[in-house]
Amino acid sequence: MEPVIVSDPRAIQAGLRHPDLAQALYDEGRVIMDGVILTLHGPAHRRRRLLEFGVFRKDFFHWYEREVFPRTLAETMAPDRAAGRSELVDLGYRVTMNLTADFAGIDRPERSAEETAALRRMVAVFSEGATLVHSTRPREEVRAEVRAALAEFVPRFLEPAIARRRALIAAGTPEEDQPRDVLTVILRDGDPAEFTPELIAREIAFYLQAGAHSTANSTVHAFHDIWCWMRDHPADAARLRDDPVFFQRAVHESLRLHPASPVAWRRATRPVTLEGVGPLAEGSLVEFRLAEANRDPALFGADADRFNPHRPLPPGVLPFGHSFGIGVHACLGRDLDGGVVPRGPVDPATHQYGTVTLFLRALFALGAMPDPDDPPRPARHTARPNWGHYPIIFEEARAWS
Ligand code: HEM
């Protein structure tokens with residue numbers, strides 16, 4: 001069925017909030033997405049979101065951003081730093097995969113490069129399975145790879161993580177001393193009849209890939225946009241270094257231009273009339289064009305297609321547009337990755353910037369720049385406009401002192 005296309009920002013807002021439009025983008029990717037939070041609808045979705053939301057509270061993000069993330073970042077970047085170069089797509093995945101593993105509840109007991117590489121490989125397969133609808137590869141081949149990756153992931157990573165958490169819960173460990181992650185919450189408070197071992201595996205794999213894939217891609221886009229801006233606007237290069245709130249604004253501008261999910265799909269569960277669209281029969285498929293709405297000149301100005309961290313925004317419009325979704329399925333990781341959107345002046349010392357800003361500032365602080373001898377290349381095997389290979393070098397002369 002041909003989808004009804006919606007690109008008007010107001011109609012998108014109404015549509016993504018409509019109670020009779022259910023998630024439809026992941027039907028092709030059921031092998032990894034069946035029954036996970038993003039694909040649920042109605043009361044089942046509300047229950048799951050309420051259960052898992054507890055992990056994603058602001059106070060926890062603040063603590064995570066200050067205490068845990070800088071350590072994880074330094075640890076993950078150490079080999080690249082020593083080598084004086086890196087490949088940003090891979091580094092982005094390694095950093096963000098550790099981040100989402102913390103939230104999903106996957107322990108990495110070895111903390112070795114091999115362990116990180118194995119998990120990164122599995123997560124890349126899960127994410128290709130989830131976004132199968134946009135894959136340019138034979139679908140059955142991708143599904144077989146997902147099944148194989150799950151068969152490796154469950155005994156190596158998931159079962160030990162479950163065993164450790166079950167033991168803590170059984171021993172009566174106070175809640176505040178238990179790990180604060182999605183897996184713990186599912187094992188402690190979830191309905192065992194709902195959470196079969198297969199569903200737990202898909203839910204946790206979903207968290208790993210949803211967070212890692214979108215954050216890694218967004219980070220590479222933002223690196224590129226900010227690097228080009230600094231190259232072409234030397235005065236702003238100093239401001240981006242000295243003013244982390246302005247830097248965060250630049251990250252949000254890049255997130256607007258390159259939403260990790262360029263479209264959202266929904267299916268009408270009954271006949272509905274959608275604001276700005278009209279009547280839709282039961283079963284109609286709707287494609288909400290988030291990327292297009294994010295470049296709407298009526299909201300973002302005549303140069304909406306261009307990166308400009310000084311762009312004025314109309315009141316009530318988020319600087320990253322619809323990139324984190326909206327409505328019942330709005331991204332639970334938004335403040336973790338994007339930080340808090342400043343409403344007026346903020347205290348730079350206590351402001352929550354989000355992990356993408358922190359990661360990129362750490363890179364530029366080390367003098368990161370694109371490798372002049374090995375230009376970046378777009379990703380193959382997907383119709384999504386992402387970078388596939390982005391070599392960077394660390395130039396001491398450019399490092400922020
Ligand atoms: C730059 C990074 C990210 C972007 C651009 C992003 C974007 C999105 C979008 C657009 C949706 C809604 C999809 C729809 O309505 O169909 C979504 C949902 C979701 N995201 Fe993110 N995301 C990011 C990072 C993360 C991270 C780091 C986590 C977790 C640690 C996360 C967890 C989730 C969850 C759980 C949902 C589903 C919520 C629900 O269905 O109720 N995301 N994300």
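Read the numbers this way: they start at 1 and go in the same order the structure lists the ligands and their atoms. Heavy atoms only: backbone and side chains are in, while hydrogens, waters and symmetry mates are out. All residue numbers refer to positions in the sequence shown, counting from 1.
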Under the criterion ring-ring contact (aromatic ring centres under 6.0 Å, His included), which of F359, F364, W229 is the partner of F223?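 Output: one option passes, namely F364.
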Aromatic ring proximity, centroids under 6.0 angstrom, F246 and H310: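 Ring-ring flag for H310/F246: true, centres closer than 6.0 Å.
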Is the ring centre of Y353 less than 6.0 Å from the ring centre of F247?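 No, the ring centres sit 6.0 Å or more apart.
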In terms of atom number and element, which parts of ligand 1 are under 4.0 angstrom from non-hydrogen atoms of [X]?
X: V328; answer: 41 (O)
X: R266; answer: 14 (C), 15 (O), 16 (O)
X: I37; answer: 39 (C), 40 (O), 41 (O)
X: Y207; answer: 35 (C)
X: S218; answer: 1 (C)

Should the pair [X]-[Y] be classified as a salt bridge under the 4.0 Å nitrogen-to-oxygen rule?
X: E87; Y: R94; result: no
X: R108; Y: E75; result: no
X: R306; Y: D225; result: no

Quick check: does H329 get an N/O under 3.5 Å from an N/O on ligand 1?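 Yes.
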If you measure every N or O of R49 against every N or O of ligand 1, does any of those distances drop under 3.5 Å?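 By distance alone, the answer is yes.
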State which residues pass salt bridge (Lys or Arg N to Asp or Glu O under 4.0 Å) with E176; sequence neighbours excluded, sorted by chain then number.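 With sequence neighbours excluded, E176 shows a salt bridge (Lys or Arg N to Asp or Glu O under 4.0 Å) to no residue whatsoever.
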So among D181, D189, D177, which one has a salt bridge (Lys or Arg N to Asp or Glu O under 4.0 Å) with R165?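 The residue from D181, D189, D177 that satisfies salt bridge (Lys or Arg N to Asp or Glu O under 4.0 Å) with R165 turns out to be D181.
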With D305, which of R311, R256, R295 fulfils salt bridge (Lys or Arg N to Asp or Glu O under 4.0 Å)?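 When R311, R256, R295 are each tested with D305, the salt bridge (Lys or Arg N to Asp or Glu O under 4.0 Å) holds only for R295.
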Below 4.0 Å from ligand 1: does a non-hydrogen atom of L38 turn up there or not?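 Contact present.
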Does ligand 1 have any atom that is closer than 4.0 Å to a heavy atom of H45?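 The answer is yes: ligand 1 sits under 4.0 Å from a heavy atom of H45.
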Restricting to under 2.8 Å, identify the protein N, O or S atoms around atom 21 (Fe) of ligand 1 as residue plus atom.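 Correct list: C331 SG.
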Heavy-atom nearest option to atom 7 (C) of ligand 1, drawn from A264, G354, S323, A330: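 Result: the heavy atom closest to atom 7 (C) of ligand 1 is in S323.
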From the candidates F103, F61, F56, W265, the one that places a heavy atom nearest atom 29 (C) of ligand 1: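 Selected option, by shortest heavy-atom distance: F56.
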If we set the cut-off at 4.0 Å for heavy atoms, which region of Q23 has an atom near ligand 1: side chain, backbone, both, or neither?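 Near ligand 1, Q23 shows its side chain, while the N, CA, C and O stay back.
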Atom CZ of R81: over 12 foreign heavy atoms under 6.0 Å: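 At most 12 heavy atoms, drawn from other residues, nucleotides or ligands, come within 6.0 Å of this atom.
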E145 and R137: CA distance, side-chain angles, deciding distance, side-chain contact (heavy atoms from CB on, under 4.5 Å) verdict: CA-CA 12 Å; E145 286 173 11; R137 291 183 51 208; 2.7 Å; yes
Evaluate the side-chain proximity of R85 to P391: yes if any heavy-atom separation is below 4.5 Å, no if none is.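 In short, these two side chains do not touch, never coming nearer than 4.5 Å.
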